[in-house]
Amino acid sequence: MARALRSWGRALPILGLLLAEVTEPQAAAAQEVIKLTPAQVERLGVRVAHPVSSRTDQTLPYPAQIVIPTPQLWVVSAPAAGMVTNLAVARGDRIHPGQPLVTLESPSFVSLQRDYLHALAQEVLANQQLKRNADLFEGKAVPQRVLETSQTEARQASIAVAERRQMLHLSGLSDEAISRLTNEALISATLTVNAPQAASVIEVAVSPGQRLEQSAPLVKLARLSPLWAEIAIPAANIRAIRPGAQVEIEGYATPGRVVLVSETTDAATQTILVRAEIPNTGELHPGQTTTVRISFLSAGESAWEIPYSGLVRRGEQTSVFVAIPGGGFRLVAVTLLAEDQDHIVVSGPITDKDEVAIGGISALRGILSRPGAGQ
């Protein structure tokens with residue numbers, strides 16, 4: 001805005017003289033054409049440049065940050081209260097399924113094993129009592145209600161064993177380890193927490209000697225492919241970007257795709273979040289910043305890059321002044337595809353043969369909008 005005001009201030013003395021020189025036939029509002037002689041163009045300080053062909057499938061570069069997709073993040077927590085005795089991994093390690101992560105000394109784990117063995121013993125007793133009462137019932141030595149009571153007690157004992165077995169599963173014991181406990185009745189105070197699947201260690205939340213409550217976080221894990229590129233797009237440029245558009249990261253060979261165009265605008269920056277999913281071959285790292293280009297045009301369309309100073313905004317409409325044969329300029333509507341502080345990319349009825357005004361824009365707008373210019 002300050003640059004436009006300075007340019008307008010310099011053009012005022014010259015513009016005052018030229019307004020008298022531009023006759024009614026010289027400004028046709030229907031075509032938004034300004035007729036000017038070469039001398040008038042020079043005195044207005046109008047400068048021109050040829051549009052430069054831009055890639056027909058990509059925007060200007062936008063800054064982006066590489067982040068881990070939230071569905072690929074999870075936390076391994078302590079299955080029982082206890083003390084950390086050993087850490088088998090560190091931040092940045094790649095781990096495989098079943099790999100030990102943390103070792104705990106846990107009195108609670110001892111209680112879980114004891115309760116399981118006790119439930120097993122109760123189940124054996126209940127089944128034995130059921131068998132005896134069934135034999136006695138067949139010999140008519142006990143009534144049916146005694147048999148039914150034994151059946152209920154045996155069923156409840158079986159449920160208790162299933163419950164205690166599941167608690168051991170939640171503490172990280174495998175079926176093989178539970179079978180060994182069942183057969184040998186060897187209770188251990190050491191609990192090893194293993195990796196649930198292949199991943200990378202993002203954060204270690206504990207240290208040796210630390211005492212923990214049940215469900216306290218131990219290690220944060222993540223899968224690092226694919227990753228997300230989160231891109232802040234100026235709200236004025238968002239119409240050119242659609243979900244599914246190809247995204248290319250500077251210096252990275254594998255392209256990604258837009259998976260989200262946010263429906264909300266950041267009030268502080270007036271940008272809209274665009275999220276792209278990028279396959280990761282190991283060259284991308286969460287937290288890094290980079291630049292990306294996003295596809296926005298269909299096949300057959302052309303895009304042109306010109307200096308930012310050539311852009312004419314009128315409300316939501318964007319245009320450029322294009323030189324016409326015989327002297328003067330025509331205001332041509334274009335679609336703004338991308339912009340930064342120095343350049344814009346547009347599509348519309350212009351070519352690299354045209355001359356687009358990039359200086360003296362304020363003077364041209366003043367002539368075009370003067371009362372009676374199109375009469």
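All values reported here derive from a predicted model rather than from experimental measurement.
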Same apolar cluster (I L V M F W Y, side chains within < 4.5 Å links), [X]/[Y]:
{"X": "Leu44", "Y": "Ile358", "result": "no"}
{"X": "Tyr308", "Y": "Val332", "result": "yes"}
{"X": "Leu101", "Y": "Leu87", "result": "yes"}
{"X": "Ile187", "Y": "Phe109", "result": "yes"}
{"X": "Val204", "Y": "Ile202", "result": "no"}

Please name all residues satisfying side-chain contact (heavy atoms from CB on, under 4.5 Å) with Pro63, sequence neighbours left out, ordered by chain then number. none
Can a donor-acceptor pair be found, under 3.5 Å and without considering hydrogens, that links the side chain of [X] to the backbone of [Y]?
{"X": "Ser262", "Y": "Leu273", "answer": "no"}
{"X": "Gln317", "Y": "Arg314", "answer": "no"}
{"X": "Asn127", "Y": "Val124", "answer": "no"}
{"X": "Trp74", "Y": "Lys220", "answer": "no"}
{"X": "Arg275", "Y": "Glu230", "answer": "no"}
{"X": "Gln166", "Y": "Glu163", "answer": "no"}
{"X": "Asp93", "Y": "Ile95", "answer": "no"}

Compare every heavy atom of [Y] with every heavy atom of [X], then report the nearest pair and how far apart it is.
{"X": "Gln99", "Y": "Arg94", "result": "OE1-O, 4.2 Å"}
{"X": "Ala216", "Y": "Leu212", "result": "CB-CB, 4.1 Å"}
{"X": "Ile324", "Y": "Ile34", "result": "CD1-O, 4.3 Å"}
{"X": "Pro349", "Y": "Asp354", "result": "O-OD2, 4.4 Å"}
{"X": "Ala119", "Y": "Val161", "result": "O-CG2, 3.3 Å"}
{"X": "Val193", "Y": "Pro79", "result": "CG2-CD, 3.8 Å"}

Hey, could you give me the [atom1]/[atom2] distance between [X] and [Y], rounded to the nearest 0.5 Å?
{"X": "Thr149", "Y": "Gln129", "atom1": "OG1", "atom2": "CD", "value": "10.5 Å"}
{"X": "Gln122", "Y": "Ser158", "atom1": "CD", "atom2": "OG", "value": "13.0 Å"}
{"X": "Leu117", "Y": "Thr182", "atom1": "CG", "atom2": "OG1", "value": "7.0 Å"}
{"X": "Gln72", "Y": "Trp228", "atom1": "CD", "atom2": "CH2", "value": "8.0 Å"}
{"X": "Ile272", "Y": "Ile233", "atom1": "CD1", "atom2": "CD1", "value": "9.0 Å"}
{"X": "Arg164", "Y": "Ile178", "atom1": "CZ", "atom2": "CD1", "value": "13.0 Å"}

Going through the distances and angles, do Leu221 and Val219 end up as a side chain to side chain contact (heavy atoms under 4.5 Å, CB included)? CA-CA 6 Å; Leu221 305 176; Val219 179; 3.5 Å; yes
Student check: side-chain heavy atoms of [X] and [Y] closer than 4.5 Å:
{"X": "Leu224", "Y": "Ser200", "value": "yes"}
{"X": "Thr281", "Y": "Thr254", "value": "yes"}
{"X": "Met83", "Y": "Leu104", "value": "no"}
{"X": "Tyr252", "Y": "Asn280", "value": "yes"}
{"X": "Thr351", "Y": "Pro51", "value": "no"}
{"X": "Leu364", "Y": "Leu36", "value": "yes"}
{"X": "Leu181", "Y": "Gln113", "value": "yes"}
{"X": "Val320", "Y": "Ile306", "value": "yes"}

Please identify which of these residues, Val259, Leu260, Val258, Val292, meets the side chain to side chain contact (heavy atoms under 4.5 Å, CB included) condition with Val274. Val258
Working for side chain to side chain contact (heavy atoms under 4.5 Å, CB included), residues His50 and Lys353: CA-CA 6 Å; His50 291 284; Lys353 306 297 184 184; 5.7 Å; no
Between [Y] and [X], do the side chains contain a donor N or O and an acceptor N or O under 3.5 Å apart?
{"X": "Asn133", "Y": "Ser150", "value": "yes"}
{"X": "Gln151", "Y": "Glu153", "value": "no"}
{"X": "Gln40", "Y": "Arg43", "value": "no"}
{"X": "Glu105", "Y": "Thr85", "value": "no"}
{"X": "Asp175", "Y": "His169", "value": "yes"}

Glu176 atom CD, neighbour heavy-atom count above 12 within 6.0 Å: no
Counting only heavy atoms not in Arg132 (residues, nucleotides, ligands), do more than 12 fall under 6.0 Å from its CZ? yes
Holding to salt bridge (Lys or Arg N to Asp or Glu O under 4.0 Å), I want the full list of residues that pass it with Arg313, two or more places apart in sequence or in another chain. Glu339
Sequence neighbours excluded, which residues qualify as salt bridge (Lys or Arg N to Asp or Glu O under 4.0 Å) partners of Arg47? none
Under the side-chain hydrogen bond (donor to acceptor under 3.5 Å, both in side chains) criterion, do Gln65 and Thr289 qualify, and how do the steps go? CA-CA 4 Å; Gln65 184 169 29; Thr289 56; over 6 Å; no
How far apart are the C-alpha atoms of Phe321 and Ile361, what are their side-chain angles, what is the distance that settles it, and do they pass the side chain to side chain contact (heavy atoms under 4.5 Å, CB included) test? CA-CA 8 Å; Phe321 282 108; Ile361 301 298; 4.2 Å; yes
Evaluate Ile249 against Ile278 for side chain to side chain contact (heavy atoms under 4.5 Å, CB included), listing each step before the verdict. CA-CA 9 Å; Ile249 296 180; Ile278 314 291; 3.9 Å; yes
